[in-house]
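In this text the structure is predicted, and so the values were computed from the model without any measurement. Numbering of ligands and ligand atoms starts at 1, following listing order.
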Amino acid sequence: MKTAEVAIIMGSQSDLKIMQEAAQVLEELEIPFMLTVISAHRTPDRMVEFGRSAREKGLKVIIAGAGGAAHLPGMVASLTNLPVIGVPIKSRNSIDGWDSVLSILQMPAGVPVATVALDGARNAGILAAQILGSQQDAVATKLDTFKENLKAKVMKSADDLEANGYRGAGIGF
Ligand code: RP5
């Protein structure tokens with residue numbers, strides 16, 4: 001088994017339904033990752049141990065998701081110099097999701113967390129790949145193909161819509 005280059009961590013098992021989207025895209029891009037639950041509030045010692053040992057374990061990027069009083073991404077960022085991507089999650093203890101966004105986004109100067117959209121775990125996976133791709137040509141090439149496929153899907157939907165129209169009305173140009 002290859003050494004994980006990306007860690008996907010989350011505050012609770014209940015975050016997995018969102019965070020699995022980061023795992024899926026890393027699988028698509030064939031990037032080795034590890035995935036686990038670490039709670040900043042319920043298992044603080046485990047969080048400290050993880051953050052302090054992340055680099056020596058061979059990890060290169062950390063994706064951390066949490067909801068409500070979402071302290072995990074920021075606290076892990078305080079424990080390592082690896083890039084940390086934060087995923088705010090609209091969880092059962094969120095008011096409306098803004099609480100999670102602001103908890104992760106509004107970091108003090110010196111301790112950045114690259115925060116993606118609410119529930120934006122797929123983009124967190126893609127951003128982690130792009131960070132790796134800045135140093136690894138093989139990953140950059142996979143990302144080129146990935147983005148070409150995105151473009152092809154949009155162009156196909158545009159072609160279909162223009163050919164068939166909206167409720168029969170042509171709207172192509
Ligand atoms: C946060 O509290 C977790 O990240 C999760 O989003 C939220 C709710 O956790 P559970 O009560 O479902 O374990 O710390």
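Where the criterion is an N or O separation shorter than 3.5 Å, residue side chain and backbone included, His41 fails it with respect to ligand 1.
Scanning both residues, Ser100 and Ile89, for their nearest heavy atoms gives OG-O, 2.7 Å. Listed here is the closest heavy atom pair of Ala66 and Leu72: CB-CB, 4.2 Å. In terms of heavy atoms, Asn93 sits closest to Ala69 at ND2-N, 4.3 Å. Taking all atoms of both residues into account, the shortest heavy-atom contact from Val139 to Ala129 is CG1-O, 3.4 Å.
The nearest heavy-atom contact from the protein to atom 10 (P) of ligand 1 is Ser12 OG, 3.4 Å. Counting only heavy atoms of the protein, atom 1 (C) of ligand 1 lies nearest to Gly67 O, 3.4 Å. Residue, atom and distance of the protein heavy atom nearest to atom 7 (C) of ligand 1 are Asn93 OD1, 3.1 Å.
In this model, a donor atom of one side chain and an acceptor atom of the other lie less than 3.5 Å apart for Arg46 and Thr36. No side-chain donor from either of Lys60 and Gln136 sits under 3.5 Å from a side-chain acceptor of the other. Donor-acceptor pairing under 3.5 Å is lacking for the side chains of Lys90 and Ser94.
Of the candidates Arg42, Gln13, Met19, the one placing a heavy atom closest to atom 11 (O) of ligand 1 is Arg42.
Residue Arg92 approaches ligand 1 through these ligand atoms, each under 4.0 Å from one of its heavy atoms: 10 (P), 11 (O), 12 (O). Residue Asp15 has at least one heavy-atom neighbour below 4.0 Å for each of these atoms of ligand 1: 3 (C), 4 (O), 5 (C), 6 (O). The ligand atoms of ligand 1 that sit less than 4.0 angstrom from a heavy atom of Ser14 are 9 (O), 10 (P), 12 (O).
Contacts between Ala66 and ligand 1, counted as non-hydrogen atom pairs separated by less than 4.0 Å, involve both the backbone and the side chain. Contacts of Lys90 with ligand 1, taken as heavy-atom pairs under 4.0 Å, are absent altogether.
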